Amino acid sequence: MARYNPKEIEPKWRSRWATEDAFATETDPSRPKYYVLEMFPYPSGRIHIGHVRNYAMGDVVARYKRARGFNVLHPMGWDAFGLPAENAAMQTGGHPEKWTRDNIEVMREQLKSMGLSIDWRREFATCDVGYYRWQQKLFLDFWKAGFVERRESYVNWDPVDMTVLANEQVIDGKGWRSGAEVERKKLSQWFLTITSMADDLLAALDDGRLDGWPDNVRLMQRNWIGKSKGLQMKFHFADGMKAPDGADGVEIFTTRPDTLYGASFIAVAPDHPLAQSYAADDKAVAAFIAECQKTGASQEAIDKAEKKGVRLPLEAEHPFAKGETLPVYVANFILMSYGTGAIFGCPGHDQRDHDFAVKYSLPIIPVVLPEDADATSFSVAEEPYVGPGEIYNSGFLNGMTVEAAIEAAIAKIEAAGDGKGTTQFRLRDWGVSRQRYWGCPIPAIHCEKCGVVPVPEKDLPVKLPDIDAKEFSIPGNPLDRMPEWRNVPCPECGGGARRETDTFDTFVDSSWYFTRFATDPDAWPNAPVDKQDAEYWLPVDQYIGGIEHAILHLLYARFFTRAMRQCGYLSVDEPFANLFTQGMVTHATNRELIKTDWPVQSDEGNVQTVHSAAELVEKAVNSFARIDFDNGAVKRGQVVMLGGWLLPEDCDRINAEPGKAVQRGPIEKMSKSKKNVVSPEAIADTYGADAARWFMLSDSPPERDVEWTEAGAAGAWKLVARIWEAVEPAEGALKAHDFSKPPVTASEAELSLRRATHQAIAGVTEDIENFRFNKAIARIYEFLNALKKAPPLRRPDGSPANGPRAEAFAQAEALSALARLISPFTPHLAEECWERLGGDGLICRAPWPEADPALLVKDEVVMPIQVNGKRRAEISVAADADPKTVEAAALSDEAVKRHIDGLTVRKVVVVPGRIVNIVAN
RNA sequence: GCGGGCGUGGCGGAACCGGUAGACGCAACGGACUUAAAAUCCGUCGGCCGAAAGGCUGUGAGGGUUCAAAUCCCUCCGCCCGCACCA
């Protein structure tokens with residue numbers, strides 16, 4: 001028997017698919033469409049195993065839907081702009097574009113070797129001028145439509161690298177690359193007004209438009225948008241006081257106007273105009289603001305920061321309690337970016353306000369009484385009460401519930417003309433400016449006379465200028481240093497002007513790429529998308545990607561789709577009808593241990609005892625650890641020093657060295673620094689792409705993380721070999737039978753195999769439809785086991801099949817189904833099997849097998865019999881037997897009789913086809 | 001702190017709408033083949049008692065609803081994820 005050799009067979013089929021253009025797709029309104037898309041990769045250098053899992057899932061869906069008769073669009077491209085290319089350029093002295101293009105070349109070949117059924121004609125990179133010019137056009141359209149604004153905003157500024165940093169790039173207040181103290185700097189930036197659509201973006205999460213999305217993603221988006229209803233109102237300063245800037249009061253936002261009677265202070269954010277207006281002349285205020293700005297940059301340290309403030313020489317009038325006034329503070333816990341940047345503090349019913357009141361000895365007045373509390377003894381002096389209850393100590397609000405009091409307070413403020421009920425969103429507008437070279441230039445021109453003007457459409461594209469590679473090793477944005485590119489005449493007045501040197505956030509690039517894929521590349525229109533193509537293909541029917549994009553990318557794409565619709569390009573508002581978020585691929589880590597000669601009982605001060613591998617790896621960095629758990633590598637009680645991470649192939653060598661050992665570390669996401677990366681090529685080299693795909697889908701549910709193990713990969717390879725062994729002897733088996741006319745089956749063995757076949761078809765189909773690839777694979781194993789167990793069967797004419805087993809109809813039918821059921825998972829193997837069996841054409845074009853419902857139902861069923869809830873026997877009855885008959889059969893069973901002996905049968909529950917429970921005592 | 005999710009053999013995981021818990025795979029163990037090993041094939045495989053038949057027990061812990069609970073409800077413990085001074 002010829003051993004299956006993926007190294008020869010896999011490339012053979014890939015070139016067949018290529019020469020036959022098997023996966024090229026055309027817009028064809030006469031056929032039902034299916035658009036399956038995996039989030040396109042960033043060309044970071046090489047494909048990793050996580051990509052394999054992601055694209056294998058999409059490919060299963062694409063191949064399955066194709067077999068079901070859909071016109072399937074399954075494209076691939078590159079999210080090619082971005083910071084890493086510039087960093088690489090800086091380090092290697094190269095050019096970001098060269099680095100990016102080289103990576104794309106490598107990664108395209110790697111992806112192709114996975115056997116993905118992709119229409120490669122549609123490939124593009126977001127750094128292609130042919131793509132980003134249309135992004136510039138969209139931006140101009142959005143500008144006209146009012147979705148673009150320019151405004152001042154704070155950024156994290158690295159003064160050494162002279163660049164803006166994302167929050168994630170600020171570590172402990174310092175730039176991640178330069179280590180320089182990060183400054184907060186106010187810059188004029190471009191914004192897309194995503195908040196203008198906040199209401200609809202939120203509404204679609206719950207009104208059925210996104211039913212095909214996971215609940216957790218919808219929830220995350222809901223929280224991110226963060227709608228809250230409340231009151232925006234003005235507190236007037238008492239006695240005609242005015243701030244240095246002339247303000248006679250301050251606007252605040254609250255969701256708890258019911259607690260207004262509990263107010264004991266007003267607080268504004270350090271960035272608030274009121275605070276700023278005092279800062280010029282008041283040293284204490286200025287110092288406080290400066291201090292806030294230092295700590296303001298980092299994120300989680302805020303939580304531990306003490307609530308602090310500085311008093312302004314102002315008093316505000318209480319809106320209800322005439323004559324009462326409230327002190328006004330600048331406080332470090334108020335955010336300028338939410339609401340109005342100012343609040344009233346109610347220490348009795350808010351933790352932060354409580355902390356603040358305690359520190360500055362402000363009154364703490366309870367105004368909400370919990371249901372079972374007593375008004376005379378209830379106290380909020382120790383901690384605030386935030387639950388429901390009855391309003392008291394509150395004038396006209398007394399006796400109301402919280403909800404009713406909120407309504408009443410809003411009504412009263414509105415009547416007085418001091419404010420109104422409003423809705424606030426947590427969502428902020430999307431700042432798209434990046435002070436970077438390697439991105440899509442923002443098509444705008446700054447003119448002294450005319451202000452900021454759009455680049456006229458006839459002048460598009462604004463291409464990135466060619467830049468000498470050595471420019472990238474100088475800090476700052478190279479575009480700022482290119483007068484020949486930067487200096488242009490103003491399109492309006494013709495005078496001297498300069499180009500915008502900011503480029504777009506790369507999230508802009510990925511917010512509409514899926515619409516571009518839908519546009520036929522052989523007839524690219526003079527527009528971002530082709531209307532007919534978009535009409536046919538959108539929305540994406542199945543989108544697949546990592547959960548890390550649950551908020552930003554998916555929200556931006558939803559916004560873009562709406563904006564494109566308003567500009568007349570699309571007729572859908574939701575881009576992704578169904579979303580699936582897959583888990584990561586993890587792998588065991590290994591760590592070097594260096595044993596010491598220290599006595600086991602040593603009590604040196606710098607030795608800590610650790611109780612697990614995870615703890616050891618986490619804590620024992622640069623110190624000594626006493627091992628207090630069994631691990632084989634070292635003795636319990638041994639004191640060790642932790643060395644570096646180890647590649648799996650180095651472990652044996654280290655273990656052999658005296659005084660050293662290998663500690664298996666925690667199972668983690670693959671990363672270069674932890675040396676636990678497994679390259680897809682290495683797997684494909686050993687076992688083939690099919691085995692790699694199979695393994696990535698087999699063990700865990702797709703949404704969960706999967707651990708890569710050598711044994712698992714080997715197991716997948718074994719499956720490939722087993723299938724080939726089952727198919728190989730049955731050469732030409734399909735040609736010997738007419739599958740449209742199954743024989744009238746006589747033998748129980750044949751019928752049983754046919755049942756297994758049709759159950760497998762039904763099961764695998766359902767599991768693929770529901771994204772349960774691990775279960776689909778389990779069913780294929782079950783089916784293969786049944787197929788192997790099936791005895792040699794009879795030929796259609798009834799004579800014994802003494803020759804190859806596949807001569808019998810049931811065998812041939814089973815093998816035909818098997819080849820097609822595996823084809824989405826292991827496409828190369830499936831083609832080879834199909835050819836061997838004598839199937840017509842390519843299996844990637846063959847129709848999906850249909851399950852015969854008649855073969856899915858059994859005439860007889862085995863029913864368990866319980867006595868008082870405990871399983872005592874089994875009986876076999878006709879599937880359609882009526883409950884009375886089943887009950888009688890159950891009661892007459894010998895084992896059942898034994899268990900009810902001496903008891904009275906009180907009740908018999910018969911669940912047809914399922915179970916019988918006899919209640920007796 | 002707020003919001004959400006999850007706890008099932010040695011491991012990854014099955015179990016439709018409450019109806020035979022542990023499908024399928026991995027590991028392990030026993031056997032066959034082999035001079036031997038690998039590969040392959042056959043078999044066993046939650047725990048306890050038992051030669052077996054069979055019995056008891058068992059889905060993080062405790063309680064409840066039900067003829068019947070991994071599944072529903074309550075309390076607790078543990079782990080994971082998201083947001084995080086959002087007024």
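As the structure is a computational prediction, the values presented were derived from the model and not from experiment. Hydrogens, waters and symmetry mates play no part in the numbers below; they use all other heavy atoms, side chains included.
In this structure B/A23 sits in no base pair that meets the Watson-Crick or G-U test at under 3.5 Å. Remark: B/A15 base-pairs with no nucleotide in the shown strands. Criterion, Watson-Crick or G-U wobble with two distances under 3.5 Å. Nucleotide B/G62 has B/C74 as its partner under the Watson-Crick or G-U criteria, with both atom distances under 3.5 Å. Across every strand in view, B/A36 sits unpaired, with no contact that passes the Watson-Crick or G-U test at under 3.5 angstrom. Shown here, B/C79 forms a base pair with B/G5; the pair counts as Watson-Crick or G-U wobble because both key distances fall under 3.5 Å.
Ionic pairing of A/Asp199 and A/Lys227 is present here: one or more N-O contacts between side-chain nitrogen and carboxylate oxygen are shorter than 4.0 angstrom.
At least one side-chain nitrogen or oxygen of A/Arg872 sits closer than 4.0 Å to the OP1 or OP2 atom of B/G55. When the side-chain nitrogen and oxygen atoms of A/Arg779 are compared with OP1 and OP2 of B/C24, none of them lie within a distance under 4.0 Å. Between A/Tyr781 and B/G25, a side-chain N or O to OP1/OP2 separation shorter than 4.0 Å is absent. For B/G12, neither phosphate oxygen OP1 nor OP2 lies less than 4.0 angstrom from any side-chain nitrogen or oxygen of A/Thr709. Considering only side-chain N and O atoms, A/His899 lies under 4.0 angstrom from the phosphate OP1 or OP2 of B/G55. In this model, the phosphate group of B/A15 is approached by a side-chain N or O of A/Lys775 to a distance below 4.0 Å at OP1 or OP2. Taking only side-chain nitrogens and oxygens, A/Lys870 never comes nearer than 4.0 Å to OP1 or OP2 of B/G55. Residue A/Arg898 places no side-chain N or O under 4.0 Å from the OP1 or OP2 atom of B/A53. Contact between the side-chain N/O atoms of A/Asn774 and the OP1/OP2 oxygens of B/C24 is not found at any separation under 4.0 Å. Contact check, A/Arg222 against B/C83: no side-chain N or O comes under 4.0 Å of OP1 or OP2.
Within the nucleic acid shown, A/Leu219 comes within 4.0 Å of sugar-phosphate atoms alone, with no base atom in reach, counting heavy atoms only. Among the heavy atoms of the strands lying under 4.0 Å from A/Lys718 are primed sugar atoms or P, OP1, OP2 only; no base atom is included. At a threshold of 4.0 angstrom between heavy atoms, the contacts of A/Val919 are confined to the sugar-phosphate backbone, with no base atom among them. Residue contacts shown for A/Glu874 include a base, since a base heavy atom lies under 4.0 Å away. Among the protein residues, A/Ile547 comes within range of no part of the nucleic acid, since none of its heavy atoms lies under 4.0 Å from any strand. Contacts of A/Thr254 with the nucleic acid, taken as non-hydrogen atoms under 4.0 Å apart, involve only primed sugar atoms and P, OP1 or OP2. As judged by a 4.0 angstrom heavy-atom cut-off over every strand, A/Asn785 is placed among residues touching the sugar-phosphate backbone only.
Ranked by how close their nearest RNA chain B nucleotide is to the 5' end, A/Gly715 and A/Asn917 are led by A/Gly715. If A/Ile343 and A/Arg871 are placed on RNA chain B by their nearest nucleotide, the residue sitting closer to the 5' end is A/Arg871.
Atom CG in A/Asn216 sits roughly 12 Å away from atom P in B/C83 (whole-Å rounding).
An anti base is found at B/C42: its glycosidic angle is more than 90° from 0.
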